[in-house]
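Single-structure report; data block below.
Both backbone and side-chain heavy atoms feed into the values below; hydrogens, waters and symmetry mates do not.
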Amino acid sequence: MDDKNYNAFETAQAQFDKVADILELEESARSLLREPLREYHFNIPVVMDDGKVKVFKGFRVMHNDSRGPGKGGIRFHPQETVDTVRALAMWMTWKCAVVDIPLGGGKGGVICDPHNLSPREQERLCRGWVRQVARNVGPLADVPAPDVMTNAQHMLWMLDEYEAIHGEKYPGFITGKPVGMGGSLGRTEATGYGVIFTVREALKEMGIRPEDTIASVQGFGNVSQYAIQLYHQLGGKVTTVSCWDQGEQKAYAYRKLSGIDLKELQGITDRFGGISKEKAAELGYEVLPGDAWIEQDVDILIPAALENEINAVSVHKIKPRVKIIAEGANGPTTTEADEIIAKRGIFMIPDFLANAGGVTCSYFEQVQSNMNYYWEKDEVLGKLDTRMTAAYIAVSELARKKKLYMRDAAYVIAIDRVTQACSMRGWV
């Protein structure tokens with residue numbers, strides 16, 4: 001992130017305030033929904049492999065649970081802040097509401113860099129996180145999931161610790177588990193596929209064939225890779241991807257104007273989504289600065305990494321050819337950049353709609369775990385396509401009808417649903 005002073009929670013609140021004015025929300029609803037309902041801050045002591053104890057800072061934030069149990073990932077990141085977690089919890093509330101699943105918004109985090117932790121240290125950290133919040137989370141209260149730099153193994157360690165504490169089996173406590181251990185088929189693909197389901201619908205509305213488009217993607221983790229896979233299946237071409245180089249602690253972009261080969265790049269990628277710079281060059285890829293992904297002459301931009309990547313500075317690098325921005329990441333665009341994108345007439349598919357495939361499939365996993373019956377992969381992905389398409393069409397129709405920016409239209413639908421739930425419960 002370029003701007004060290006960027007605050008994701010301030011962005012989330014500014015986005016909410018704008019739509020609260022459109023909806024003319026009462027002051028009580030504004031006050032309730034601008035802030036989390038509750039949050040937990042805690043220290044996690046971990047015995048390291050050298051025998052020393054290191055203390056990590058952890059968080060769990062519940063933004064709103066008026067529509068159902070909380071839902072939201074746990075991220076491990078060295079620059080994690082509670083304001084980032086607050087913002088992500090708020091965005092999760094809107095994300096669940098916009099796709100109309102009966103869950104609320106939560107988020108968790110630990111300030112750490114798992115690259116520098118052994119597998120056993122990571123396991124102790126996961127179990128320590130659960131011990132701190134075991135009384136405040138659960139299948140009927142708040143259901144965690146993987147996020148940045150966490151995975152299915154981390155979730156299984158957390159589930160095991162939760163079940164050890166409570167003395168019973170609770171497969172619905174956490175999602176993103178390994179298949180065969182309570183995980184859902186299709187969950188791995190869900191977020192990336194969901195992004196492309198919305199891109200497909202946008203192109204359909206514009207009368208553009210996917211095979212006539214080119215895209216540039218930021219990030220090369222799970223979301224990015226599956227988005228590229230499905231986009232390729234639809235006939236589109238990706239020329240540029242970017243990723244973080246752990247060794248050099250900086251980002252690089254990799255470009256091949258004839259189109260990247262996904263399997264080829266996956267073959268030279270580490271488990272955190274870092275592409276080998278040397279091997280990529282040998283395969284004929286241009287190695288460019290990390291922010292080069294945004295200045296490519298393409299039809300579609302897919303930011304699928306972290307927050308604040310399309311900001312007041314970088315937005316001016318977007319080429320005139322760009323027709324669609326589909327936000328695979330959470331909060332990649334600042335409010336200042338949004339205004340410029342809207343004026344330029346670039347079609348924005350906002351994060352909490354575009355990347356809602358992940359939480360939608362997490363909901364499917366939760367349902368399957370709670371009833372102890374699991375669906376086939378085609379059934380999961382079919383349900384996902386139906387849900388994502390319906391949500392996209394509802395937002396797009398409202399945007400056209402009310403002449404709203406797509407992000408504002410998505411917020412209007414989501415905030416209205418959550419406000420109604422709070423009102424019916426007598427909270428506001």
(request) Run through Glu201, Arg387, Glu205, Glu397 and flag the one making a side-chain hydrogen bond (donor to acceptor under 3.5 Å, both in side chains) with Tyr392. (result) Glu205
(request) Without swapping roles, check the side chain of Lys403 against the backbone of Arg400 for a donor-acceptor pair under 3.5 Å. (result) no
(request) Without swapping roles, check the side chain of Arg60 against the backbone of Phe42 for a donor-acceptor pair under 3.5 Å. (result) no
(message) For Ala356 versus Val99, what's the shortest heavy-atom pair and its separation?
(response) CB-CG1, 3.6 Å
(message) Are more than 12 heavy atoms, taken from residues, nucleotides or ligands other than Lys169, located less than 6.0 Å from that residue's NZ atom?
(response) no
(request) Taking the side chain as every heavy atom from C-beta outward, state whether Lys237 and Ile260 have any pair of such atoms under 4.5 Å apart. (result) no
(message) Any side-chain to backbone donor/acceptor pair from Arg255 onto Val287? Under 3.5 Å, distance only.
(response) no
(request) Using a cut-off of 6.0 Å, state whether more than 12 heavy atoms not belonging to Glu376 lie near its atom CD. (result) no
(request) Check whether any side-chain heavy atom of Arg86 sits under 4.5 Å from a side-chain heavy atom of His63, and report yes or no. (result) no
(message) Under 4.0 Å between a side-chain nitrogen and a carboxylate oxygen: does that hold for Arg127 and Glu123?
(response) yes
(request) Identify the two heavy atoms, one from Ala134 and one from Tyr162, that lie closest to each other, and give their separation to 0.1 Å. (result) O-CE1, 3.6 Å
(request) Grab the two heavy atoms, one from Leu384 and one from Phe364, that are nearest each other, plus how far apart they are. (result) N-CE1, 3.7 Å
(message) Around atom CD of Glu26, are there more than 12 heavy atoms from other residues, nucleotides or ligands closer than 6.0 Å?
(response) no
(message) Under a 4.0 Å threshold between the charged nitrogen and the carboxylate oxygen, would Asp297 count as salt-bridged to Lys319?
(response) no
(message) Working note: Glu80 + Lys57, criterion salt bridge (charged side-chain N to carboxylate O under 4.0 Å, His left out); need CA distance, chi angles, decisive distance, verdict.
(response) CA-CA 9 Å; Glu80 193 61 87; Lys57 185 74 175 176; over 6 Å; no
(request) Look at atom CE of Met206 and say whether more than 12 heavy atoms of other residues, nucleotides or ligands are closer to it than 6.0 Å. (result) yes
(request) Would you mind checking if Lys71 and Asp142 are paired as a salt bridge, meaning a charged N to carboxylate O distance below 4.0 Å? (result) no
(message) Is it the case that the ring center of Tyr411 lies less than 6.0 angstrom away from the ring center of Phe352?
(response) yes
(message) Do Ile294 and Gln218 make a side-chain contact, defined as non-hydrogen atoms from C-beta onward lying under 4.5 Å apart?
(response) no
(request) Would you name the heavy atoms of Thr333 and Thr11 that are closest together and state the gap between them? (result) O-CG2, 4.3 Å
(message) Using modelled atom types and a 3.5 Å cut-off, is there a donor and acceptor pairing between side-chain atoms of Ser362 and backbone atoms of Gly358?
(response) yes
(request) Using a 4.5 Å cut-off on heavy atoms from C-beta on, say whether the side chain of Asp113 contacts that of Phe76. (result) no
